[in-house]
Amino acid sequence: MSLEEALEQLKKTRKENEESYLKAKAFIDGFRARGQLSKKDSEFLYLMEFVIKGFKNHGNDIITAFENQVRFTDAFNNLQNRITDLEDDIAQLRKTLDKMYQDR
């Protein structure tokens, strides 16, 4: 999977999580709008909202960590490829220099 595909998949997951959170929040707000809640019911809804928001934030943190890991892995692979290219260039330069010294 390429960098763009991986980041797009994580973006899609983040969007799905946000939509799910908004649905749950709307559900809780619907109960509140009825206006016939006891104190315990109201406290329970507050607790549920807190838990749902915590899951959303935790999920976003995990997605952000994965995004950072994908970017780091891509940067590391690019660096590794560049080092390999430099090693090849140095080896070719050594061959050229050795040939020059032999031809003297």
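Counting begins at 1 with the first residue of the sequence. Since the model is a prediction, treat every value here as computed from it, not as a measurement.
Criterion: ILVMFWY side-chain heavy atoms under 4.5 Å apart, direct or through other members. Under it, Ile62 and Val70 are part of a common hydrophobic cluster. At a threshold of 4.5 Å between side-chain heavy atoms, the hydrophobic network of Ile, Leu, Val, Met, Phe, Trp and Tyr places Ile28 and Leu37 in one connected group. Side-chain heavy atoms closer than 4.5 Å link hydrophobic residues (I, L, V, M, F, W, Y) into clusters, and following such links, even through other members, never connects Phe55 to Phe44. Ile63 and Phe72 sit in two unconnected hydrophobic clusters of ILVMFWY residues. Membership requires side-chain heavy atoms under 4.5 Å apart, directly or through other members.
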Applying salt bridge (Lys or Arg N to Asp or Glu O under 4.0 Å) to Lys11 and Glu67, what does each step give before you reach the verdict?
CA-CA 9 Å; Lys11 184 189 238 183; Glu67 287 171 340; over 6 Å; no
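Expressed to the nearest 0.5 Å, how far CG of Leu7 lies from OG of Ser2 amounts to 8.5 Å. Here the CD-OG1 distance, from Gln69 to Thr64, works out to 13.0 Å after rounding to the nearest 0.5 Å. The distance from atom CG of Asn78 to atom CG of Leu3, rounded to the nearest 0.5 Å, is 8.5 Å.
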Please tabulate, for the side chains in residues 81-94, all donor-acceptor contacts under 3.5 angstrom to protein atoms that are two or more places apart in sequence or on a different chain.
residue : atom : partner : partner atom : Å
Asn81   : ND2  : Asn77   : O            : 3.3
Thr84   : OG1  : Gln80   : O            : 3.0

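Counting only residues at least two apart or in different chains, salt bridge (Lys or Arg N to Asp or Glu O under 4.0 Å) contacts with residues 43-58 comprise Glu18-Lys56, Lys25-Glu49, Arg32-Glu49, Lys39-Glu43.
Within the 4.5 Å cutoff, the side chain of Asn17 has no heavy atoms near those of the Tyr21 side chain. When side chains are defined from C-beta on, Asp41 does not count as touching Gln36, because their heavy atoms never get closer than 4.5 Å.
In this structure Phe27 satisfies the ring pair (Phe, Tyr, Trp, His ring centres under 6.0 Å) test together with Phe31, sequence neighbours excluded.
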